[in-house]
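Here is the structure we will look at.
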Amino acid sequence: MVPPARLFTARSDGDGPAVNPISPLRELGAYEALWLRNGATVKTIADRFAGDPTAMPSDFVEPSEADRRAREVLQKLKTAGVHRFGVRVNHAGDYPARLRDARHPIELLYYQGAWELTETRCVAVVGTRKPTDNAIKQTQRLVRALVERDFTVVSGLATGIDTAAHKAAIEAKGRTIAVIGTPLGVYYPPENRELQDLIANDFLLISQVPVLRYANQAVPQNKLFFPERNITMSALTDATIIVEAGETSGTLTQARAALHQGRKLLILNALFERADLTWPATFEARGAVRVRDPDDIWKALG
Amino acid sequence: MTVRFRKIDDQNRGHHSYLTADDDCLFLLEYTSGQDYSFSATNSLISNLKKKPSLASTGPYRYKLEAIDACGVALGEAIAPKWLAAGTLVPVPPSKARGDPEYDDRILKICCAIPGAVDVRELVVQTRSLPAAHESDQRPSIDDLLTVYRIDESKVAPAPRSIAIIDDVLTNGTHFRAMTTTLQHRFPGVPISGLFIARRVFQNPFESP
């Protein structure tokens, strides 16, 4: 494929001291503009940058459009109660190189909270939105043990296992990161509003979801952002542990991503013993760790 | 991975109360105020940079020297060679005056560690010691700094054509403002930028700085 030409590479600051300095605000606007183009997906956007690895979003968007979109985003976030946030953009400092392990790497992320948490040892604990009571208890035990060993617990703020994982980490006075499938300032499920604000305040909340595209399209399209954030969650962490998940669960997106990205994938033993599930054995054959005993986790995490 | 400078723009200027839209300030890294994670690479870099000169005979001091070199290299990769060939790098002077046992010229050393740096000049000197801003509750004000900042007239020729003020951490912008005021007064019309290793941001997004 011929990489799309850069149309607007006039970023160098004339006679200024910096080589192609990055305006986070303009990049944010340009990234949002790319997402508003017809047919834009994580893949089409990633393909554009794969074809031109030193490009920035602003290389492909007219500056006036980028700046206009940026203003729209700031306004929208402000209306949603998000007065302070940050972005991480590829080629600028603090962008995590591990994100490039994703099949379709994300060029720009929004966040609220302490970005430094991404530099700690992070383990994702994820699973179904409709867990059994036993799975909730297992999640709580697992998270307490992770916190005791100084791991940061990462999850997706969904109902069920995700919520249990975040809450257990906070209760155990550990650290937690939420990688959400909505833009900042949008709460899903709505009952997690308080938890999301708490994580944004005291820990770290990350969203890769473009604010304007999300606002411009309907719920069914926006649902696609949820599995995509699982791929990013995997890329940001050392390992993913699946507590409970059905045969068609979105959690399996994260399982596939973890193996593809060279991350550890751990699956609790009970899932192997369920007659209705075939995926645990499939993933084990592809390199996942079957967790029969807590020591299996610590051995795998090294 | 080469890191490019980020600009202070309308989205992020609020963290630095003394900066205005007219200021051209650029930074490489961010670190969150109030966090003391030994595992944060930037935090560790900055804390190594700030190791006191009185520790010079101790083993860990080598981390300071390594940090100085790393900062010089990172700045060198992000500064345009064309600018570097003609511009003047001006380090923010140490909080302690020359002769003080804690005189720490780490910023000057960072400038000197930038590959290709031709014109590094301590155009602004500090006439007496102040408490280091990062160690004191009584952070010096812009006026405090203006009182002790002087142009070193022995270094003004040839007149600089473009100035980059170099500092390690951008907080409120107090030192940058005082440096800019001092330099603009002596060299009117000469463009001035601020280049920082890192800027401080606030963790709590719902509180004002």
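Here is the naming used below: chain letters follow the sequence lines, and residue numbers restart at 1 for every chain.
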To check you understand the geometry: which heavy-atom pair defines the closest contact between [X] and [Y], and what is its length?
X: B:Phe5; Y: A:Ala18; value: CD1-CB, 3.5 Å
X: B:Ala80; Y: A:Gly16; value: CB-O, 4.2 Å
X: A:Gly93; Y: B:Arg6; value: O-NH2, 2.8 Å
X: A:Pro21; Y: B:Leu26; value: CB-CD2, 3.4 Å
X: B:Asn12; Y: A:Pro24; value: ND2-CG, 3.8 Å

Taking only Lys NZ, Arg NE, NH1 and NH2, and the carboxylate oxygens of Asp or Glu, determine whether B:Lys7 and A:Glu27 approach each other closer than 4.0 Å.
no
**Asked** Do B:Lys82 and A:Asp15 meet the salt-bridge criterion of a basic N to acidic O distance under 4.0 Å?
**Response** yes
TODO: Look only at the side chain of A:Asp94 and the backbone of B:Glu30, and say whether a donor-acceptor pair between them is shorter than 3.5 Å.
DONE: yes
Practice problem: Answer yes or no: is there a donor N or O on one side and an acceptor on the other, between the side chain of A:Glu119 and the main chain of B:Ala41, under 3.5 Å? | Solution: yes
Cut-off 4.5 Å, heavy atoms of chain A, and the answer for B:Leu84 is neither
Cut-off 4.5 Å, heavy atoms of chain A, and the answer for B:Leu28 is backbone
From [atom1] ([X]) to [atom2] ([Y]), nearest 0.5 Å:
X: B:Tyr31; Y: A:Glu116; atom1: OH; atom2: CD; answer: 9.5 Å
X: B:Thr32; Y: A:Leu117; atom1: OG1; atom2: CG; answer: 8.0 Å
X: A:Arg26; Y: B:Asp9; atom1: CZ; atom2: CG; answer: 9.5 Å

- Task: Report yes if some heavy atom in the side chain of A:Leu74 is under 4.5 Å from a heavy atom in the side chain of B:Gln11; otherwise report no.
- Result: yes
From the list A:Val89, A:Val19, A:Thr54, side chain to side chain contact (heavy atoms under 4.5 Å, CB included) partner of B:Arg4 resolves to A:Thr54
Bottom line for A:Arg71: the part with an atom under 4.5 Å from chain B's heavy atoms is neither
_Is it true that, when you exclude A:Arg103 itself, more than 12 heavy atoms of the residues, nucleotides or ligands shown sit nearer than 6.0 Å to its CZ?_
no
Taking atom NZ as the centre, does B:Lys64 end up with more than 12 heavy-atom neighbours from other residues, nucleotides or ligands that are less than 6.0 angstrom away? yes
